[in-house]
Amino acid sequence: MNVLENPSPDFERQFVLAINARRKLKGNKPKFVITSNQVLSSNEEKETNQVILTIKSIQTLLLSCTDKCPRAYSASWCKILRVQKLQQIVVIVLNGITDENYNRLNDTELVQEWQQLFTSDNVCHTFRFHTQKNIPFIEQFSKIAAKTKSTNQSQDRSTLKSKAEQLSNKKRTLEETDENSSQILKKSNTDQYSRVNLVLNLKQLITGNYPCPIYNQFKNFKQIKSSYKPITSSSRIFALDVETYSDMINNRQVPYWISIVDEELNCIYQTLIKPNESQHMDTYQPRREQVIETVPNISEKSLEEVHEDFRILFDDDLILAGHSIENDLKYLQIYYPYIIDTSIIFNVTGTRLEKTSLQKLYAIFFGRLIQKTRLEHDPTEDARATMELVQLKLGKNIEFGDWFLGGVDQLKVLGNYDSLQLDENIQECQTFLAQTKFGLQEDFFKRIKHQNRALVIDQALNNTKISLPTMKVNSNRQVFKTSIEKLSTHEFLWLQFYVSLNDDQSFAKITKYIKKIYKSLREDSILIGIFSDQDDFGRCFVRIKDDEKLSPLIINGKEYPYDLKLVKTT
């Protein structure tokens, strides 16, 4: 702190004018702010009530920077004030440092020097995020969920709301269930609107290729009832699921296990389906034995006997629910007019042509995994999951869970989906996330490519292909030298460093490189640092360069230190 004692009244006036001018100038500069106290708590490693973000959180931050349009990429955890003023974006990835390494070295001089690079107004802006094991960070980062505009495919225009109505209904009702702020949706006990509204109309049945008598390919299918009554709000719903095996000789799926549940989630019908003469017992037999081990007293019937059971079991106005139920109807070789399909009434992908699996939908809206304990799916478990999704939808509103009706906030859905670790076994969830692709995805770096003069500087040891222009170099030092050369001509740089914690100097050298890169950045640029080691968690740091507050004060034509303080001693 620089102190000037007993200044003259004129100097005091000029000093106040200079300070006010600097504050006014600073008010026109970009500023990064973490708006969530729970994200800020990531700095406190003993804090148990943390919100851990996802890679998509960083993607959202970068897209708001590159497009300079924060409202287009809503992020509830942070914001960049005056984002239009940003000059450059530099992302620095340190491969080889886990979040555990960071915590262990947190009090060391090495990490403290790094933290100072990302400290502004005495705050180090950092947060933790989930990653997938054994996948390079840049490869994970290259995929982002698509946000496709609405099309007219398979849509009933009369059901679409105006844009204003969509936005007003966009926030889903979430209920806090525990101290972890884990947001799990609960179904209502009563319908909020008529269940008739969820039943597919004739146009949807035809365009979705559901079995209908008008098609010759379904001419031998069984009609369950000779006649039907009109459905009403009091019509019962049954949820159905069928398991099949592949008949490789005839190139078709053969049903062998069926379950039906009612609205109390009770299994009211379950049986094995014996193959007919044209099908092979040797393929069916091992599955039969596996099912009997799980359900010892299960019955075994022919497909014709199952049809007769349906005729007795089904009401004349029964509504049948399923997930992609057109396939189940084809396996069972039946028609049915009153259908609710959870793959239609829920849409979180942004395109009507891309259906989300039952497992993913249940994970998103209930925070739990199904189909994770058996080699073969249990149709009773799937039928119950289907019924719970239908009841959840009926307990909300017709827009709920449907992207096209404004009932899905894509980023919030993704965040809920990626935070499944809060409710389930970590290893199971990590495996699930690693082996599945969520909805429709796009190449993240193609979006960047269209916005800025962008470049990735990486080392030859990484074989990941990126759609951005990429320069391959041989060492961390070459990454640094090349980045210094390219800063004057590029608005977006992605730098890949590789750290060996067995070498004490490796991290220290990279920190020195980044200090020099920071000095070479244009003023009002954003620097994002990332620790990643193909582990469960990574860590991100954010800093906007603002040298104006460190520049000297100009008073009466003379320079004074930026931290000058006036003191009266007499």
Side-chain angles (χ1 to χ4, degrees), residues 145-146 148 150-156 159 172 185 187 195-212 237-244 253 255 258-261 319-332 334-366 368-371 377-405 407-408 410 413-414 416-417 432 436-441:
T148 310
S150 175
T151 66
N152 292 326
Q153 295 170 337
S154 303
Q155 291 186 51
D156 186 351
T159 64
R172 293 177 290 140
L185 294 166
K187 62 178 184 288
R195 54 189 57 191
V196 175
N197 294 338
L198 296 184
V199 175
L200 301 182
N201 59 37
L202 180 60
K203 179 181 178 182
Q204 289 172 311
L205 291 173
I206 293 173
T207 57
N209 199 29
Y210 294 79
C212 292
I237 301 175
F238 287 169
L240 172 148
D241 188 73
V242 179
E243 292 305 317
T244 65
Q253 294 295 115
I258 178 175
S259 288
I260 297 176
V261 302
I319 299 171
L320 201 56
H323 190 82
S324 294
I325 193 175
E326 75 276 13
N327 296 319
D328 298 306
L329 299 178
K330 291 171 186 176
Y331 302 148
L332 296 172
I334 61 173
Y335 308 118
Y336 204 79
Y338 304 138
I339 296 295
I340 294 176
D341 194 330
T342 47
S343 72
I344 300 296
I345 64 175
F346 286 90
N347 187 301
V348 297
T349 64
T351 169
R352 289 295 187 197
L353 301 179
E354 185 82 9
K355 293 182 178 180
T356 303
S357 72
L358 178 64
Q359 188 184 33
K360 293 180 186 178
L361 283 179
Y362 197 80
I364 290 167
F365 293 106
F366 290 99
R368 302 189 300 274
L369 297 181
I370 60 173
Q371 305 170 358
H377 291 176
D378 181 347
T380 305
E381 182 183 37
D382 289 2
R384 284 191 177 119
T386 299
M387 181 63 78
E388 286 187 80
L389 284 167
V390 171
Q391 291 173 335
L392 176 66
K393 178 96 172 181
L394 287 171
K396 302 297 181 180
N397 53 57
I398 195 69
E399 295 86 5
F400 176 80
D402 193 326
W403 172 281
F404 291 96
L405 300 184
V408 171
Q410 183 80 346
V413 166
L414 288 168
N416 190 20
Y417 177 70
F432 174 65
T436 58
K437 294 181 179 179
F438 181 84
L440 187 66
Q441 295 180 320

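As the structure is a prediction and not an experimental result, all values here were calculated from the model. For this chain, numbers begin at 1 and follow the sequence in order.
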Colleague: For Pro337 and Leu205, work out which heavy atoms get closest and say how close.
Modeller: O-CD1, 4.0 Å
Colleague: Enter the distance from Leu240:CG to Ile325:CD1 here, rounded to the nearest 0.5 Å.
Modeller: 5.5 Å
Colleague: Is the shortest heavy-atom distance from the side chain of Thr386 to the side chain of Val261 under 4.5 Å?
Modeller: no
Colleague: For His323 and Gln359, indicate whether the former's side chain and the latter's backbone hold a donor-acceptor pair under 3.5 Å.
Modeller: no
Colleague: Between Ile339 and Leu329, is any pair of side-chain heavy atoms under 4.5 Å apart?
Modeller: yes
Colleague: When rounded to the nearest 0.5 angstrom, what is the spacing between CG in Leu361 and CD1 in Ile370?
Modeller: 9.0 Å
Colleague: Quick one: CG on Asn197 to CG on Leu394, what's the gap to the nearest 0.5 Å?
Modeller: 9.0 Å
Colleague: Contact between Glu326 and Asn209 at the side-chain level, heavy atoms closer than 4.5 Å - yes or no?
Modeller: no
Colleague: In Å and rounded to the nearest 0.5 Å, what is the CD1 to CZ distance from Ile237 to Arg195?
Modeller: 4.0 Å
Colleague: With a 4.5 Å cut-off on side-chain heavy atoms, are Val348 and Phe365 touching?
Modeller: yes
Colleague: Looking only at heavy atoms, what is the nearest atom pair of Tyr335 and Cys212, with distance?
Modeller: CE2-C, 3.5 Å
Colleague: Would you say the side chain of Leu198 lies within less than 4.5 Å of the side chain of Ile398, judging by non-hydrogen atoms?
Modeller: yes
Colleague: Would you mind reporting whether Thr244 and Asn327 have side-chain heavy atoms less than 4.5 Å apart?
Modeller: no
Colleague: Check for a donor-acceptor pair, side chain of Asp341 on one end and backbone N or O of Ser324 on the other, with a separation under 3.5 Å.
Modeller: yes
Colleague: State, with a plain yes or no, whether a side-chain heavy atom of Lys355 is found less than 4.5 Å away from one of Ile344.
Modeller: yes
Colleague: Please examine the side chains of Leu392 and Phe366, heavy atoms only from C-beta on, and report whether any two atoms are closer than 4.5 Å.
Modeller: yes
Colleague: Between Lys393 (side chain only) and Phe400 (backbone N and O only), is there a donor and an acceptor less than 3.5 Å apart?
Modeller: yes
Colleague: State, to 0.1 Å, how close Ala239 and Ala383 come at their nearest heavy-atom pair, and which atoms those are.
Modeller: CB-O, 3.3 Å
Colleague: Pick out which of Asp328, Asp378, Ile258, Asp382 makes a side-chain contact (heavy atoms from CB on, under 4.5 Å) with Glu243.
Modeller: Asp382
Colleague: Excluding sequence neighbours, so at least two apart, what forms side-chain contact (heavy atoms from CB on, under 4.5 Å) with Leu202?
Modeller: Ile206
